2 protein chains.
Amino acid sequence: MNMNKTEGLPEQAGNETSDLSKARLRAWLQILKVSRKIEGELREKMRLEFNTTLPRFDVLAALYRERDGMRMSALSKSLMVSNGNVTGIVDRLVTEGLVVRVPVENDRRASIVQLTEAGEKDFAERALVHEGWVSELFSDLSPGDADALIRILRNISHHNEAPHD
Amino acid sequence: MNMNKTEGLPEQAGNETSDLSKARLRAWLQILKVSRKIEGELREKMRLEFNTTLPRFDVLAALYRERDGMRMSALSKSLMVSNGNVTGIVDRLVTEGLVVRVPVENDRRASIVQLTEAGEKDFAERALVHEGWVSELFSDLSPGDADALIRILRNISHHNEAPHD
DNA sequence: GGCAGATATTTCAAACCCAAAATATTTATG
DNA sequence: CATAAATATTTTGGGTTTGAAATATCTGCC
C-alpha cells in the first residue's frame with residue numbers, strides 16, 4: 001500500500017502548479033506586498049522626518065554595527081546590492097559628512113568606509129526613532145508570531161544561501 | 001518571586017527598544033532580507049530565461065487577472081508603485097507589442113491598458129515557469145508554514161491598510 | 001455657459017539599482 | 001623579474017522608482 005502517495009518523494013519536475021506550489025506562490029506574493037508597503041511607509045517617514053533615504057540609512061546602519069569600518073565589497077554584500085550601487089550612496093554620505101573613505105594599508109585598491117562622529121551621532125538618534133516606527137507598523141505582530149515569522153523566514157534564507165549567511 | 005517580569009503588562013509608551021519592539025525589528029529585517037534575496041534570484045532568471053524584467057512581468061500578471069484591462073491608476077495602486085512609474089513600464093510593453101492602450105469612452109483623460117494576444121500568450125507560458133521558480137526557491141516551506149506565513153503577513157497588511165486591501 | 005476644484009495621466013529631476021566593462025592594484029607563477 | 005590571473009572598486013548604460021509639477025479633461029455649482 002501507500003503506492004500512490006508522494007510523501008517523502010522528491011518533488012516532481014513536471015508537476016507544475018501543485019497545491020503546494022500555489023501556496024508557496026501566495027506566500028511569496030504576500031511577502032512582497034508587506035515588504036513594499038512597509039518600505040514605502042518607512043521611506044516617506046525617512047524623507048519627511050530625517051530628510052534622508054532608506055538606502056543611505058541602511059548603509060549607516062551597517063557601518064554602525066562595524067565601528068572599525070567596512071570595505072565597499074563587504075558593504076554591498078551585507079546589503080545585498082550591487083557593488084556599483086554602493087559607490088553612489090557612499091559618495092553622497094561623504095558629501096554629507098556622515099562617512100569617510102580611509103585608504104587601506106598595503107592595499108591601494110581598497111578603502112574602508114567609516115562613520116564620522118557626526119554620522120555616528122546622527123544614526124544613533126535616528127535608529128531609536130526608526131525602531132519605533134517599525135514597532136508601530138508591526139503593532140499587530142504578537143511575540144509568538146514574531147518568533148514564528150523569524151523562524152520560517154530564516155529557513156527560507158538558509159536554503160537560498162549563495163555564499164554564506 | 002517573578003516580581004520583575006513584565007508579562008501581561010500593556011506596552012509602555014516611553015519604553016523604546018523593549019524586547020517586543022526589538023523582536024519586531026528583527027522580523028522586519030528578516031522580511032527585507034528574504035524579499036531582496038528572492039527578488040534578486042527571480043530578476044536574474046527573468047533576464048536570462050525570458051529577457052524581461054520583474055516590473056514588466058508584474059504588470060502583465062496584473063493585466064492577466066483583469067482581462068478587460070485596467071486603468072493606469074488602477075495598475076499603480078495594484079502594484080503599489082507610483083503613477084509616473086507605470087507610465088514608463090507600460091510604454092515599454094507597448095513597444096514590445098504585449099499590451100495596448102485603449103481610449104476610454106466618455107473620459108478622454110483616461111486610457112485602459114490591455115494585454116494583446118501576444119501578451120496573453122507570452123504571459124501564460126511564463127507564469128507557469130515563474131511559479132516553478134518560486135516553488136523551488138521556497139522548497140523548504142512546508143504547507144503548514146506557508147499557511148502560517150500567509151496568516152501572519154495578512155495581519156500586518158490589514159493593519160497598515162491605507163485605502164483598502 | 002463659465003469656472004473652480006477634482007481626477008487621470010504624463011513629464012521631470014533626482015536617486016537608486018543592476019550587470020558589464022574599465023581601471024587600478026595585488027598575488028601567484030614561471 | 002615578468003606577466004597572467006585574481007581582487008577591489010569605479011564607471012557606464014539602461015532601466016526603475018519616487019514625488020512634484022505640468023497637462024488635459026471632467027464634474028459640479030453658480
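Atom set for the values below is all heavy atoms of this structure, side chains included, hydrogens, waters and symmetry mates excluded. Residue numbers begin at 1 in each chain, while the letters A, B, ... track the order of the sequences. Remember, it's a predicted structure, so these values are computed and weren't measured experimentally.
In this structure, B/R126 is positioned above the aromatic face of B/F50, its NZ or CZ under 6.0 Å from the six-membered ring centre and within 45° of the axis. Seen from the ring of A/Y64, A/R67 counts as a face-on cation partner, given the 6.0 Å and 45° thresholds.
At the phosphate of D/dG14, neither OP1 nor OP2 sits under 4.0 Å from any side-chain N or O atom of B/R47. For D/dT18, one of the phosphate oxygens OP1 or OP2 lies less than 4.0 angstrom from a side-chain nitrogen or oxygen of B/N85. Applying the 4.0 Å criterion to OP1 and OP2 of D/dT16, one finds that B/R92 has a side-chain N or O inside that range. Contact check, B/T53 against D/dT16: a side-chain N or O comes under 4.0 Å of OP1 or OP2. Applying the 4.0 Å criterion to OP1 and OP2 of C/dA8, one finds that B/R108 has every side-chain N and O outside that range. An OP1 or OP2 oxygen of D/dT11 is reached within less than 4.0 angstrom by no side-chain nitrogen or oxygen of A/T87. Considering only side-chain N and O atoms, B/S111 lies nowhere under 4.0 angstrom from the phosphate OP1 or OP2 of C/dA8.
With rounding to whole Å, A/I89 atom CD1 is found 13 Å from D/dT17 atom C1'. Atom CZ in A/R109 sits about 17 Å away from atom P in D/dT11, given to the nearest Å. The distance between atom CG of A/D91 and atom P of C/dA14, rounded to the nearest whole Å, is 17 Å. Straight-line distance from the CG atom of A/L32 to the P atom of D/dT17: 11 Å, rounded to whole Å. Rounded to whole Å, the distance from CZ on B/R56 to C1' on D/dT16 is 10 Å. Rounded to whole angstrom, the span from the CG atom of A/N106 across to the P atom of C/dA24 amounts to 21 Å. Whole-Å rounding puts the A/E39 CD to C/dA15 P distance at 18 Å. When rounded to the nearest whole Å, the span between CG of A/L48 and C1' of D/dA20 equals 13 Å.
Put simply, CD1 on B/I31 and CZ on B/R36 are 13.0 Å apart, with the number rounded to the nearest 0.5 Å.
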_side-chain contact (heavy atoms from CB on, under 4.5 Å) assessment of A/V94 paired with A/V113_ = CA-CA 9 Å; A/V94 168; A/V113 186; over 6 Å; no
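Here A/F123 and A/F57 bring their ring centres to under 6.0 angstrom of each other.
Residue contacts for B/D107: at a heavy-atom cut-off of 4.0 Å it reaches the sugar-phosphate backbone alone, with no base atom in range. Counting any heavy atom pair closer than 4.0 Å across all strands shown, A/R101 reaches sugar-phosphate atoms only and no base atom.
Residue-to-nucleotide proximity on DNA chain D shows that, of B/M80 and A/V104, the 5′-proximal contact is made by A/V104. Checking B/G40 against A/G88, the closest nucleotide of DNA chain C that is more toward the 5' end is the one next to A/G88.
You'll find that the side chain of B/S82 is closest to D/dG19, out of D/dG19, D/dA24, C/dT9.
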